[in-house]
Amino acid sequence: MNTTTLTRPSPSHAGVPADRRHAALALARVEGIRLLRHPLTIAAVLFLAGIWVSGWFTNEANRYPILQDVDRDTELGMMLLLGGAALIASNLAVLRPHRTGTAALGDVLVLPQPLRTAAHLLALLPLGLLAAVLAVARVAVLAVAPAAGRPNPYELATGPVTVLLLGALGVLFGRLSRSAIVAPLALLVLLATLIVVPLLWPSPTAPARWLQPVVPEGDAAFVLPAPVHLMTRHAGPHLVYLIGLVGLVAVAALARGGARTARTAPAAAVGLAVVLVGGILQAAPPSRSVLDARIAAEQRPSTQQTCRTLSQVTYCAFPDFTRWIPGWDAQVRGVLRRVPAARAQQPIAVRQRIVMQGNGSPLVAGWTADDLAAGTPDAVTVDTRWGDSRSAARLAGFVAYRVATGQRPGIGPLCGARRVTVSWLAGQASPASHTGLRLLAEQQDGDGEFGVFLQEAASGFGVLLPRRELTMALALLDRPADEVGARVLAAWDELTAPGTTTERAAEILGVPVPPASQPGTAAPPDKRGECP
Amino acid sequence: MTATAPTVRAFELTLRYPRRTALDGVSFTLHDGVTGLLGPNGAGKTTLLRIVATAIAADSGELTTLGHDPRTVAGRLAVRRRLGYLPQSPGFHPNFTAFEFVDYVAILKELVPARRRHEEVRRVLATVGLDGERGVKIKALSGGMRQRVALAAALLGDPDLVVLDEPTVGLDPEQRMRFRELVAESGEGRTVLLSTHQTEDVMTVCQRVIVLDHGRSRFQGEPTELAALAQGRVWTSTVRSPGALAAWRTGNGSYRNIGEPPADAALIEPTIEDGYLMLIDAAGTAKEAA
């Protein structure tokens, strides 16, 4: 058996200088490291990162992300996963003396309970910092791609602050109850509210929605993603509101931990004031100037856009989206290379458009006038989605329509051989447009009746590619593009003439003609008149 | 008895729980060295230790510990700064290593800065012979090693007063012997109050002993004085003596009796256990008679 001689420490050991503040910070450091190393935290980070990485591979739109939406996308997952981990892990840390039977010893140790509580609260900061690093890292990685827009720092900070909020709640619950089941139950309640509140208040702009920690939906004013300058999410006030909540919860935890009322009461008053200010500001309606800008952006987009001309094609985009122009140009070139040189060299414009919820027919006339005024007549529409194959098919289809008819979509019906030509031109523009056209055909036309409707910026207007002609085009797409392209070039004038029939197009292109649709078959409203 | 000022001076300490009186006017003084606290279950040992360790306060009476009044916040803090405490059945954070656990306690003792705190943690772990197990998680340590971790935590900061509540419970004989050695060494130059059921513990490590029974102090003195209480009152016989206060069969088949011996009794030298039983059983008999 070993024998150990107990020696009194040297004078340097005796009575190690005790500095209360440093001890609390040391405790915060230890607890902070343990929070970061907690299995729940590690699992949450891995799961969150896994979702983001898999999203990169499974969601084509991530190749052309919109940063003002990406910043918001991180919030919900971060709150539920990392915030949930913070809630439970911090609660377990506070309850550790009771769970492990060390309370009897802990009760007679020097550091006062309020400072221990403060240390547990401070220990959340590294976790909040980790959340911030993750949020920024995700946006930074996506920004390397041809990303549109810019992230809102307030939105980016919201996720990490929700992590702090839930972590502080974990500390508070630990001071309120010695049961470790309270924190997981609270997380379930939070989940339930995230489901119930949107059911009770469907509009993302409803003030009640903003009482939740996160409101994941985008701006309700637009059908599709909006440019930064038209967004009205009150991210800043909401962040203030959340910070106030964090403060209130922290003060409540300190008060339960034994902190003196003389210190906690003023802090609680400040926290409450911050919550109220943030809560009131976040419920404010959009400013008049933003509302006016939205209307202008919808009806007269040229007034807010930047244009760039590549060869004879002019691209006009909202300032946030100009990085997408090369992507658009690839599709446009894919169409123009298959049309006669004289046609391909004529000026053409592509203009980005957005549509507010519920708008309709007056838009097209306004767009035509706006294009004329801007010197880009009959500009082809591209919207605020990009990167997925459907978007590529849509733009290629609109460009094909424009070069085949000389008009922008929405002016008149597309009939006969033109349908076949436009469908094939759209599908052959790029591998993405080919895939997109097939996907749209499968998704929009599951029973094989209608074909594909290429909609302009979710406006309800666009180009209808009926099933019959689309079937012919898809058959042509299975053949060598150069061979079909040569036939198209050779018979361009006939294939794009308004009176050329589908059957004639089939003869020219050497493709069988499917039977015509049965009388009475329902078709989506074309809104541009009927073919003869 | 030393001439220096006592580390702990208690006078008429009383603490009542709703259904019983845990301490009933207990007075004592503690000086440097190891003082054993003996008593049956429910005698009030843990209550008294918790009062001395500032975990709870007595209902009445006076207590001065290390020159401070623990009833005041400042006094309590001053005592805690110079106190080491090993509670009964100490808990551990199972996922902490031995070093992390003792370091955690050191932080709560406000031992800073970190470098010196870590030196101190290494010192106390070496003191209890756990230098090689610093990085081992507590859940992987044996019961005896865990007790040594708890003792290391109690020795942090070189406290002037160490309170140990039944530290040898659950240890095997070798572990117990080793632990006694550590306690004896830790009593050099400081005051140690050791609560135990084991009279052997008192015999081997304590300079003084206090016997508590039903919340009252029955004896205070040196262990030899406790044994001497049974001088001339311990005898062996082939049968259990009817008049004995306590009697039990020994390994060789004879009976060891304590009490008023018969005239022809074969008297033997008493041990501290005899003195303790004599005290407790006599008190019990007196209580029954009353």
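The figures that follow rest on heavy atoms only: side chains count, while hydrogens, waters and symmetry mates do not. A, B, ... follow the sequence lines: proteins, then strands. Residue 1 opens every chain.
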Notebook entry, point to check: Hey, does A:P112 have a side-chain heavy atom less than 4.5 Å from the side chain of B:E110?
Noted result: yes

Check: Top residue by heavy-atom pair count (under 4.5 Å) with chain B, among A:L111, A:T102, A:V108?
Finding: A:V108

Note to self: At a 4.5 Å cut-off on heavy atoms, which part of B:V79 comes close to chain A: side chain, backbone, both, or neither?
What the structure shows: neither

Check: Can you tell me how far NZ of B:K139 sits from OG1 of A:T100, rounded to the nearest 0.5 angstrom?
Finding: 13.0 Å

Next item on the list: Step by step, work out the side-chain contact (heavy atoms from CB on, under 4.5 Å) result for B:L108 and A:V110.
Entry: CA-CA 6 Å; B:L108 296 183; A:V110 184; over 6 Å; no

Next item on the list: Among A:L25, A:L109, A:V30, find the one that has a side-chain contact (heavy atoms from CB on, under 4.5 Å) with B:I107.
Entry: A:V30

Notebook entry, point to check: So what's closer than 4.5 Å to chain A heavy atoms on B:Y85: side chain, backbone, both or neither?
Noted result: both

Check: Around B:R122, counting heavy atoms of other residues, nucleotides and ligands shown, do more than 12 lie under 6.0 Å from its CZ?
Finding: yes

Notebook entry, point to check: Contact part of B:A114 toward chain A, heavy-atom cut-off under 4.5 Å: side chain, backbone, both or neither?
Noted result: neither

Item checked: Short side-chain donor-acceptor distance under 3.5 Å, B:Y104 and A:R96 -> yes

Checklist line | Rounded distance [0.5 Å steps], CG in A:L105 versus CZ in B:F92 | finding: 9.5 Å

Notebook entry, point to check: For A:R116, is it the side chain, the backbone, both, or neither that has a heavy atom closer than 4.5 Å to a heavy atom of chain B?
Noted result: side chain

Check: Checking heavy atoms, do the side chain of A:R34, its backbone, both or neither come under 4.5 Å from chain B?
Finding: side chain

Margin query: Just checking B:R134: does its CZ atom have more than 12 heavy atoms from other residues, nucleotides or ligands closer to it than 6.0 angstrom?
Written below: yes

Item checked: Side-chain heavy atoms of B:L111 within contact of A:H22, under 4.5 Å -> no

Next item on the list: Before accepting this row, confirm whether a basic side-chain N of the pair A:R37/B:E100 lies closer than 4.0 Å to the acidic partner's carboxylate O.
Entry: yes

Check: Checking B:D165 against chain A: side chain, backbone, both or neither under 4.5 Å from a heavy atom?
Finding: neither

